[in-house]
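See structure below.
Per chain, numbering begins at 1; letters A, B, ... match sequence-line order.
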2 protein chains.
Amino acid sequence: MSRENKTMYTLLGLLMYSPLTGYEIKRSIENSIKHFWQESYGQIYPTLKKLVDLEFAVVQVEKVDGKPDRKLYSITEKGRVEFINWLKKPIEKIPIHKDELLLKIFYGQNLTVEENIEQIVQYQDKMEDFLDTLNSTEEYLVTRRKKDPNFDYWMLTLSHGQLIVKATIQWCEESIEKLLKK
Amino acid sequence: MSRENKTMYTLLGLLMYSPLTGYEIKRSIENSIKHFWQESYGQIYPTLKKLVDLEFAVVQVEKVDGKPDRKLYSITEKGRVEFINWLKKPIEKIPIHKDELLLKIFYGQNLTVEENIEQIVQYQDKMEDFLDTLNSTEEYLVTRRKKDPNFDYWMLTLSHGQLIVKATIQWCEESIEKLLKK
DNA sequence: TACTACATGTAAACGGTTACATGATTGC
DNA sequence: GCAATCATGTAACCGTTTACATGTAGTA
């Protein structure tokens with residue numbers, strides 16, 4: 001079973017809006033899909049090269065004084081077809097995400113009840129911080145990006161994050177309760 | 001920042017209960033933490049070797065006619081200390097799990113509303129199947145393992161899975177609703 | 001006859017992060 | 001003077017999966 005490279009589709013998806021440089025792609029990911037998707041330069045630049053090799057994108061090199069060349073990547077028709085085909089394809093299997101907290105809780109019998117509660121409390125704190133940043137993003141989208149044709153889809157990914165994080169916080173509270181009764 | 005090898009701690013945690021072979025470890029993972037943690041033989045066997053190198057475990061080789069040697073690994077005192085120290089350490093940062101469905105939904109404007117709904121419907125189906133297997137596991141634990149000292153902690157990891165999957169199904173339903181109104 | 005369970009392991013490749021290297025400009 | 005932003009990229013390494021190799025015993 002060959003593994004498909006999702007980084008490629010992430011970049012193609014961004015290039016569907018407009019041509020971008022590697023640097024701009026990184027920034028773009030940082031303030032849009034960051035809460036469920038990340039890419040490093042170590043992935044972005046080689047993938048951009050691959051996109052050109054496969055004729056899914058073309059480069060325009062702009063010379064700039066004293067700076068490295070600015071390489072602007074544009075998606076080709078072939079790239080658009082490839083991207084749309086990927087988009088339509090259903091997700092084959094739900095992925096199992098490795099969860100370090102659960103691994104520690106699974107082995108919880110090796111610690112005291114108090115130590116386990118402490119672990120969960122600290123995790124819950126981090127989840128509440130995360131919920132705050134998601135809520136800030138929502139406010140930004142609603143006040144500044146409501147007219148964008150993508151707005152509804154962006155909001156769907158956000159509400160997913162909010163629901164999951166809230167469920168996790170709820171689990172933390174319930175679990176602490178249960179452990180206190182031991 | 002050096003990356004810690006969680007596979008090592010996964011194996012040490014299992015060896016805390018009793019000595020095991022690589023094969024038994026694989027099986028053990030398959031019917032306990034499978035819903036949030038997986039390890040392949042390509043990870044297990046080399047890690048077992050490493051555990052012995054670091055003196056966190058010792059091997060006992062049992063010769064068996066016509067079969068490969070059975071290598072039984074036991075945790076050492078040094079290994080127990082290492083494991084407990086890891087268990088106590090708080091989770092530093094919540095990991096961002098890459099989510100292919102959300103990536104596709106984020107780019108949803110490139111498809112029709114119906115195509116996006118179809119994508120979510122199919123995902124929801126898979127989530128409902130997953131919930132069924134989690135519920136079966138719960139039934140098994142409650143009817144067959146209630147006396148085990150680890151029972152409460154095992155149930156916590158299970159209820160986490162159930163809550164998250166239910167939240168995801170809820171998100172699917174709400175999202176389909178929202179898309180139908182477009 | 002074929003599949004499953006038992007039991008070991010390796011090699012290649014993939015996917016991803018981190019650290020490094022370079023250097024101009026702008027603003028505090 | 002220092003940090004941030006713009007802008008390119010590579011190399012080393014880590015973590016993980018997949019496919020391969022080997023072979024017996026029991027069962028459907």
Ignoring backbone atoms, test whether [X] places a side-chain nitrogen or oxygen under 4.0 Å from the OP1 or OP2 oxygen of [N].
| X | N | result |
| --- | --- | --- |
| Arg27(A) | dA7(D) | no |
| Tyr41(B) | dG9(C) | no |
| Thr7(A) | dG16(C) | yes |
| Tyr23(A) | dT8(D) | no |

If I take atom [atom1] in residue [X] and atom [atom2] in nucleotide [N], what distance separates them, rounded to the nearest angstrom?
| X | N | atom1 | atom2 | result |
| --- | --- | --- | --- | --- |
| Glu100(B) | dG15(C) | CD | P | 12 Å |
| Tyr45(B) | dA21(D) | OH | C1' | 13 Å |
| Glu39(B) | dT17(D) | CD | P | 7 Å |
| Ile25(A) | dG9(D) | CD1 | C1' | 14 Å |
| Lys26(A) | dT8(D) | NZ | P | 13 Å |
| His97(A) | dG16(C) | NE2 | C1' | 15 Å |
| Asn5(B) | dT17(C) | CG | C1' | 15 Å |
| Gln43(B) | dT8(C) | CD | P | 17 Å |

Q. Tyr73(B) side chain: which of dA7(C), dT17(C), dG9(C) is closest?
A.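 Shortest atom-to-atom distance from the side chain points to dG9(C).
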Q: Compare the minimum distances between each of dT5(D), dT17(D), dG15(D) and the side chain of Ser40(B), then state the nucleotide with the smallest one.
A: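 Closest nucleotide to the Ser40(B) side chain: dT17(D).
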[X] near the nucleic acid: base, sugar-phosphate alone, or nothing, with a heavy-atom cut-off under 4.0 Å?
| X | answer |
| --- | --- |
| Lys98(B) | sugar-phosphate |
| Lys71(B) | sugar-phosphate |
| Lys49(B) | sugar-phosphate |

Q: Quickly, which of Lys181(A), Lys182(A), Lys178(A) forms a salt bridge (charged side-chain N to carboxylate O under 4.0 Å, His left out) with Asp152(B)? Name it, please.
A: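 Checked Lys181(A), Lys182(A), Lys178(A) against Asp152(B); only one passes salt bridge (charged side-chain N to carboxylate O under 4.0 Å, His left out): Lys182(A).
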**Q.** Partner of Tyr107(B) under ring-ring contact (aromatic ring centres under 6.0 Å, His included), chosen from Trp37(A), Trp86(A), Phe83(A)
**A.**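 Among Trp37(A), Trp86(A), Phe83(A), the one meeting ring-ring contact (aromatic ring centres under 6.0 Å, His included) with Tyr107(B) is Phe83(A).
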**Q.** Any donor-acceptor N/O pair under 3.5 Å between dT17(D) base and Arg3(A) side chain
**A.**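 In this structure, the two groups form a donor-acceptor pair.
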Q: State whether a side-chain donor-acceptor pair under 3.5 Å links Tyr153(B) with Asn116(A).
A: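 The criterion, which ignores hydrogens and geometry beyond distance, is satisfied for Asn116(A) and Tyr153(B).
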**Q.** Test item: side-chain donor near acceptor, Thr7(B) and Glu39(B), under 3.5 Å
**A.**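 The criterion, which ignores hydrogens and geometry beyond distance, is satisfied for Glu39(B) and Thr7(B).
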Q: Evaluate the ring planes of Tyr17(B) and Trp154(B), with Trp represented by its six-membered ring, and classify them as parallel (under 30°), tilted (30 to 60°) or perpendicular (over 60°).
A: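 Perpendicular: the ring planes of Tyr17(B) and Trp154(B) meet at over 60°.
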